[in-house]
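First the structure, in the form of C-alpha cells, and then the observations on it.
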Amino acid sequence: MEIVWSKTPLEAAGHKLSEVLKINTTRPVLLMLSGGSSFDILQAVSGSVLGPNITLSVLDERFSTDIKVNNFLQLSQTDFFKLAVSNGVNYIVTSVSNGESTSLLKKRWESALKEWKNFNKEGIVVVTMGIGNDGHTAGIFAGEFEVDFDGSEWVVSYSIPKTINEYTERITVTKTFLRTLVDEAIVYAVGERKREIIKNFLIKSDCEKQAIPACVIKDLKEGTVFSEEV
C-alpha cells in the first residue's frame with residue numbers, strides 16, 4: 001500500500017486510474033467504482049483509456065429507486081459513464097428492479113460478478129474506494145449486523161441503523177472479495193478526519209480491523225491512497 005500526499009489529490013487519483021487502465025487495454029478489466037466523493041475522480045480520467053475491454057460496476061450499492069441515492073443511477077448520469085458507454089464499455093446494472101428485494105439484488109449482482117470472472121479468467125479487477133469519516137469503506141460499516149464480511153460470499157446485503165448512516169439498506173462487496181479478487185485499488189480520501197484515519201490506522205501496524213473497516217485496504221494486493229497535503 002502506497003500513501004500519496006498531494007496538493008491536488010483528485011487529479012492525482014484520476015491520473016493513476018488512467019495509467020492503470022491504459023497499461024491494461026489488451027486484457028479484460030472489471031472496473032468497480034465507489035460512490036460519494038469517490039465519483040469525483042472520474043472527471044480526471046482520460047476518455048482515451050475507456051474501451052470495450054472494460055466492464056463497469058459499482059463497489060457497493062444503496063437499495064433505493066431514488067436517482068439521488070442509488071449509486072448506479074448516480075453513476076449513469078455522469079459524463080464519465082456516458083463517454084464510457086459511447087466508447088463501448090460494458091456495465092453491470094445494480095439499480096433496483098420492480099419487486100426486487102435487497103437479497104434478490106445481492107444475488108443478481110454477485111452472479112454477474114462471478115459470471116464476469118468465469119469468462120475472463122485472465123482479467124483483472126480494479127476498484128476505486130473511499131473512506132468515510134466513521135472509517136467505513138465500500139458499504140462495510142463497523143458494528144454487529146449479523147452479516148459476515150469475512151465469509152465466502154462476494155456480496156452481502158444488510159441493514160444498518162439510521163444513527164450510523166442515513167442510507168440504511170446496503171448491498172456491498174465483502175472484505176473477502178476485496179482481499180482475494182481486487183488486483184489494484186485507487187483510494188481517494190480527503191478531509192481532516194480521513195487524514196487522521198490514514199495516519200493513525202492505515203500507516204500504523206496495529207490497525208483494528210473490526211473497529212475501522214477501512215483497514216482492509218492494508219490487506220489488498222496493490223493499493224494507492226490519495227489524500228491532500230497540508
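What you are looking at is a predicted structure, and each value in this text was computed from that prediction instead of being measured.
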Rounded to the nearest 0.5 angstrom, the CG-OG1 distance for L42 and T78 is 6.0 Å

Taken in chain and number order and not counting sequence neighbours, the residues that satisfy salt bridge (charged side-chain N to carboxylate O under 4.0 Å, His left out) with E184 are K16

Contacts of F149 meeting ring-ring contact (aromatic ring centres under 6.0 Å, His included) (sequence neighbours excluded), chain-then-number -> Y158

Here the pair of heavy atoms bringing A44 nearest to S18 is O-OG, 3.9 Å

Exercise. Would you say N120's side chain and G123's backbone share a donor-acceptor pair under 3.5 angstrom?
Worked result: no

(Q) Between W5 and Y188, is there shared hydrophobic-cluster membership here, with clusters defined by ILVMFWY side-chain heavy atoms closer than 4.5 Å? (A) yes

Minimal heavy-atom distance between S95 and L73, with the atoms involved, is CB-CD2, 3.8 Å

task = Please examine the side chains of I217 and I131, heavy atoms only from C-beta on, and report whether any two atoms are closer than 4.5 Å.
result = yes

Quick note, side chain to side chain donor-acceptor pair (under 3.5 Å) partners involving residues 101-110, not counting sequence neighbours, are S57-W109, E100-R108, S101-S103, K106-E110, K106-E153

Any side-chain heavy-atom pair from L113 and I92 closer than 4.5 angstrom?
-> yes

| field | T128 side chain to S34 backbone, donor-acceptor under 3.5 Å | value | yes

Closest non-hydrogen atoms of S157 and I171, given as atom of the first, atom of the second and distance, are CB-CG1, 3.9 Å

Should V173 and L181 be regarded as members of a common hydrophobic cluster, given that ILVMFWY residues are connected when their side-chain heavy atoms come within less than 4.5 Å of each other, either directly or indirectly?
yes

| request: For the residue pair T55 and L31, establish whether any side-chain heavy-atom pair is separated by less than 4.5 Å. | output: no

Q74 meets the side chain to side chain donor-acceptor pair (under 3.5 Å) criterion, sequence neighbours left out, with none

Does any part of the side chain of L202, heavy atoms only, come nearer than 4.5 Å to the side chain of K218, both counted from C-beta? yes

With sequence neighbours left out, the residues meeting salt bridge (charged side-chain N to carboxylate O under 4.0 Å, His left out) with E115 are none

Identify whether NZ of Lys or CZ of Arg in K175 sits under 6.0 Å from the centre of the six-membered ring of W154 and within 45° of that ring's axis. no

Beyond-backbone contact of E2 with V225, side-chain heavy atoms, under 4.5 angstrom:
no

| field | E229 atom CD, over 12 foreign heavy atoms within 6.0 Å | value | yes

- Take Q43 and D79, measure what side chain to side chain contact (heavy atoms under 4.5 Å, CB included) needs, and give me the verdict at the end. CA-CA 8 Å; Q43 60 190 285; D79 291 338; over 6 Å; no

- Query: Please walk me through it: do L30 and I54 pass side chain to side chain contact (heavy atoms under 4.5 Å, CB included)?
  - Reply: CA-CA 6 Å; L30 177 61; I54 297 173; over 6 Å; no

The single option from T137, I197, D134 that satisfies side-chain contact (heavy atoms from CB on, under 4.5 Å) with I212 is I197

Sorted by chain and number, sequence neighbours left out, ring-ring contact (aromatic ring centres under 6.0 Å, His included) with H15 holds for none

Short question: side chain of T172, backbone of D60 - any donor-acceptor pair under 3.5 Å?
no

(request) In plain terms, say whether R27 and E122 are close enough for a salt bridge, that is, a side-chain N and a carboxylate O under 4.0 Å apart. (result) no

Contacts of Y167 meeting ring-ring contact (aromatic ring centres under 6.0 Å, His included) (sequence neighbours excluded), chain-then-number -> none

Heavy-atom nearest pair, S6 first then A12, reads OG-CB, 4.0 Å

Correct closest heavy-atom pair for H136 and A138 would be CD2-O, 3.4 Å

* To do: Kindly indicate, with the supporting measurements, whether the criterion side chain to side chain contact (heavy atoms under 4.5 Å, CB included) is fulfilled by R179 and V182.
  => CA-CA 6 Å; R179 292 185 184 114; V182 172; over 6 Å; no

Check: With hydrophobic residues grouped by side-chain heavy-atom distances under 4.5 Å, do I67 and V93 end up in a single group?
Finding: no

In short, side chain to side chain donor-acceptor pair (under 3.5 Å) pairs touching residues 80-94 with sequence neighbours left out are E61-T94

Original post:
Do the side chain of S227 and the main chain of A189 share a donor and acceptor less than 3.5 angstrom apart?
Top reply: yes

Of all heavy-atom pairs linking N70 and R62, the shortest is ND2-O, 3.3 Å

Can L17 and V126 be said to form a side chain to side chain contact (heavy atoms under 4.5 Å, CB included), step by step?
CA-CA 9 Å; L17 180 54; V126 179; 3.9 Å; yes

Side chain to side chain donor-acceptor pair (under 3.5 Å) filter on S37, not counting sequence neighbours, yields none

By side chain to side chain donor-acceptor pair (under 3.5 Å), N165 pairs with (sequence neighbours left out) R170

Residues joined to V230 in its hydrophobic cluster, side chain to side chain under 4.5 Å directly or through other members, sorted by chain and number, are none

Practice task
Could you tell me whether the side chain of L220 reaches within less than 4.5 Å of the side chain of M1, counting heavy atoms only?
Solution key: no

Open item on the list: Same cluster or not: F72 versus V69, using hydrophobic residues (I, L, V, M, F, W, Y) connected whenever any side-chain heavy atoms lie under 4.5 Å apart?
Closed with: no

Residues passing the ring-ring contact (aromatic ring centres under 6.0 Å, His included) test with W116, sequence neighbours excluded, are none

